[in-house]
Chemist: 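Mind having a look at this structure? Questions to follow.
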Amino acid sequence: MRLIIMAPPGGGKGTQASELCDRYEIPQVETGKILRKAVKEQSELGRRAEKYMNSGELVPDQVMVEIIRSRLRKPDCENGFVLDGFPRTIPQAEALEELFEEEDIELDAVIYLNVPEQIIYQRLGRRRVCPECGSTYHLDANPPEVESICDNCGSDIVQRDDDRKDAIKKRLQEYRNKTKPLLEFYKSRGLLNEIDGDQSIDEVTSAIKEALD
Ligand code: AP5
Ligand code: MG
């Protein structure tokens with residue numbers, strides 16, 4: 001299975017990608033996570049990406065394409081993967097098509113979670129993440145078992161740096177201008193599966209399963 005999961009910021013990409021990866025036993029290739037790790041380590045990539053991420057802007061295409069090229073060539077991606085957060089621009093999608101051609105592989109489907117913008121603010125304002133293992137929670141829809149503690153590793157959960165109102169606004173603007181055009185791009189290739197993302201987490205999971213089956 002080679003899948004792309006698309007949604008606006010906070011639309012549920014990570015939540016649903018992790019379900020899909022468990023089901024098909026394939027890796028979740030989450031560009032935001034790769035970048036956040038680089039920022040935390042203050043590597044060259046991290047120092048370069050940090051200013052864009054904090055303000056909610058997209059990191060330049062060339063940087064992202066290089067990250068994906070090397071990640072998808074790793075052996076764990078041989079039997080498939082879920083792309084969470086890539087591609088996000090037409091040039092990124094074109095570069096991905098080239099890479100697939102070079103590697104002689106095909107994309108199976110693009111899952112698009114349609115979530116209205118007013119819902120996004122509620123989702124991101126109440127999201128908490130584990131800075132150690134990356135697990136994601138929502139204080140109402142998906143709270144941890146013990147308040148403020150990650151179920152998975154026991155660390156204190158926190159708010160993500162870019163879940164501030166000003167950064168959310170910029171992320172939504174970037175999504176509208178640069179990422180939304182990908183819907184037509186994949187529709188014209190017969191790969192787009194639109195799912196109503198404004199349902200409970202379990203309902204969205206079932207709708208995706210139905211679409212893929
Ligand atoms: P990234 O980490 O990908 O951020 P994003 O696109 O803004 O998406 P999020 O991770 O915030 O949301 P999500 O869709 O995964 O939702 P989640 O499942 O967490 O990227 C961060 C930054 O890195 C970008 O801004 C950019 O700077 C850079 N970047 C990354 N990739 C790039 C690329 N390819 N090109 C250029 N730059 C790039 O859910 C959100 C919340 O809602 C959670 O609390 C969750 O529990 C809850 N929730 C989920 N589903 C439901 C539901 N059905 N009902 C109720 N609550 C729900
Ligand atoms: Mg995410």
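Atoms considered below: every heavy atom in the structure, side chains included; atoms not considered: hydrogens, waters and symmetry mates. Sequential numbering from 1 along the given sequence is applied to the chain's residues. Whatever order the structure lists ligands and atoms in, that order sets their numbers, starting from 1.
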Chemist: How does the hydrophobic cluster around Leu139 look, that is, which other residues are in it when side-chain heavy atoms under 4.5 Å mark a link?
Modeler: none

Chemist: Please identify which of these residues, Lys180, Arg176, Lys169, meets the salt bridge (charged side-chain N to carboxylate O under 4.0 Å, His left out) condition with Glu117.
Modeler: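 Single pass found, and it is Arg176.
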
Chemist: Among all protein heavy atoms in this structure, tell me which lies nearest to atom 29 (N) of ligand 1, with the distance rounded to 0.1 Å.
Modeler: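 Of every protein heavy atom, Leu35 CD1, 3.5 Å lies nearest to atom 29 (N) of ligand 1.
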
Chemist: Work out which heavy atom in Glu174 is nearest to a heavy atom in Leu58; give both atom names and the distance.
Modeler: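 Scanning both residues, the minimum pair turns out to be OE2-N, 2.7 Å.
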
Chemist: If you measure every N/O of Thr31 against every N/O of ligand 1, is any gap under 3.5 Å?
Modeler: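 N/O-N/O distance under 3.5 Å: yes.
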
Chemist: Return yes if some donor-acceptor pair links the side-chain N/O of Asn193 with the main-chain N/O of Leu191 below 3.5 Å, else return no.
Modeler: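 Between the backbone of Leu191 and the side chain of Asn193 there is a qualifying donor-acceptor contact (under 3.5 Å).
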
Chemist: In terms of side-chain geometry, is the basic nitrogen of Asp166 or Arg164 positioned less than 4.0 Å from the acidic oxygen of its partner?
Modeler: yes

Chemist: Of the side chain and backbone of Pro60, name the one, both, or neither that has a heavy atom under 4.0 Å from an atom of ligand 1.
Modeler: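 None of Pro60 does.
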
Chemist: Could you tell me whether Tyr175 approaches ligand 1 through its side chain, its backbone, both or neither, with non-hydrogen atoms closer than 4.0 Å?
Modeler: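 Neither; no heavy atom under 4.0 Å.
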
Chemist: Would you mind reporting whether Ile111 and Val82 have side-chain heavy atoms less than 4.5 Å apart?
Modeler: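 With C-beta onward as the side chain, the pair stays apart.
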
Chemist: Could you tell me whether Asn142 and ligand 1 have an N or O pair separated by under 3.5 Å?
Modeler: no

Chemist: Using a heavy-atom cut-off of under 4.0 Å, does the side chain or the backbone of Thr136 touch ligand 1, or both, or neither?
Modeler: side chain

Chemist: Return yes when Arg36 approaches ligand 1 closer than 4.0 angstrom through a heavy atom, no otherwise.
Modeler: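 It does; at least one heavy atom falls under 4.0 Å.
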
Chemist: Among all the protein's non-hydrogen atoms, which is closest to atom 27 (O) of ligand 1, and how far away is it?
Modeler: Glu57 O, 2.6 Å

Chemist: Provide, to 0.1 Å, the distance between atom 41 (C) of ligand 1 and the closest protein heavy atom, together with that atom's residue and name.
Modeler: Arg123 O, 3.8 Å

Chemist: More than 12 heavy atoms of other residues, nucleotides or ligands under 6.0 Å from CG of Asn79: yes or no?
Modeler: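 Atom CG in Asn79 is not crowded, with 12 or fewer foreign heavy atoms closer than 6.0 Å.
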
Chemist: Would you say Val204 and ligand 1 have an N/O pair spaced under 3.5 Å apart?
Modeler: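 Looking only at distances, the answer is no, because the N/O contact criterion of under 3.5 Å is not met.
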
Chemist: Under a 3.5 Å distance rule, please check whether Arg2 uses its side chain to pair with a backbone N or O of Asp108 as donor and acceptor.
Modeler: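 The answer is no, because no donor-acceptor pair under 3.5 Å joins these two groups.
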
Chemist: Is a side-chain donor or acceptor of Arg48 paired with a backbone partner of Val59 at a separation under 3.5 angstrom?
Modeler: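 Pair absent, no side-chain N/O of Arg48 close to backbone of Val59.
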
Chemist: For atom 12 (O) of ligand 1, what's the nearest protein heavy atom and its distance?
Modeler: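 Answer, as residue, atom name and distance: Gly10 N, 2.9 Å.
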
Chemist: Any cation-pi pair here, Arg171 with Tyr175, using under 6.0 Å and within 45°?
Modeler: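 No, cation not above the ring by the 6.0 Å, 45° rule.
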
Chemist: For ligand 1, which atoms, with element, lie under 4.0 Å from some heavy atom of Tyr137?
Modeler: 43 (C), 44 (O), 46 (O)

Chemist: Could you check whether Glu102 pairs with Arg73 (Lys NZ or Arg NE/NH1/NH2 to Asp/Glu carboxylate O, under 4.0 Å)?
Modeler: yes

Chemist: What do we get for Gln92 next to ligand 1 when only non-hydrogen atoms under 4.0 Å count, side chain, backbone, both or neither?
Modeler: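 Side chain only.
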
Chemist: Ligand 1 versus Arg171, non-hydrogen atoms closer than 4.0 Å: side chain, backbone, both, neither?
Modeler: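 Under 4.0 Å from ligand 1, Arg171 contributes side-chain atoms alone.
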
Chemist: Measure the distance from atom 9 (P) of ligand 1 to every protein heavy atom, then report the residue, atom name and distance (to 0.1 Å) of the closest one.
Modeler: Arg127 NH1, 3.3 Å

Chemist: Report yes or no: does Arg160 have a heavy atom closer than 4.0 Å to ligand 1?
Modeler: yes

Chemist: How far is atom 46 (O) of ligand 1 from the closest protein heavy atom, and which atom is that?
Modeler: His138 CB, 3.3 Å

Chemist: Please confirm whether Gly11 approaches ligand 1 to less than 4.0 Å, judged on its heavy atoms.
Modeler: yes

Chemist: Has ligand 1 got any nitrogen or oxygen that is less than 3.5 angstrom from a nitrogen or oxygen of Gly85?
Modeler: yes

Chemist: Nearest to atom 33 (C) of ligand 1, what protein heavy atom do you find, and at what distance?
Modeler: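 Residue, atom and distance for the closest contact: Arg88 CD, 3.2 Å.
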
Chemist: In terms of residue, atom name and distance, what is the protein heavy atom nearest to atom 23 (O) of ligand 1?
Modeler: Met53 CE, 3.5 Å

Chemist: Could you state the interatomic distance from CG (Leu99) to CD (Glu94), rounded to the nearest 0.5 Å?
Modeler: 14.0 Å

Chemist: Any N/O of Arg128 closer than 3.5 Å to an N/O of ligand 1?
Modeler: no

Chemist: Tell me the contacting part of Ala141 for ligand 1: side chain, backbone, both, or neither, using a 4.0 Å heavy-atom threshold, strictly below.
Modeler: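 Under 4.0 Å from ligand 1, Ala141 contributes side-chain atoms alone.
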
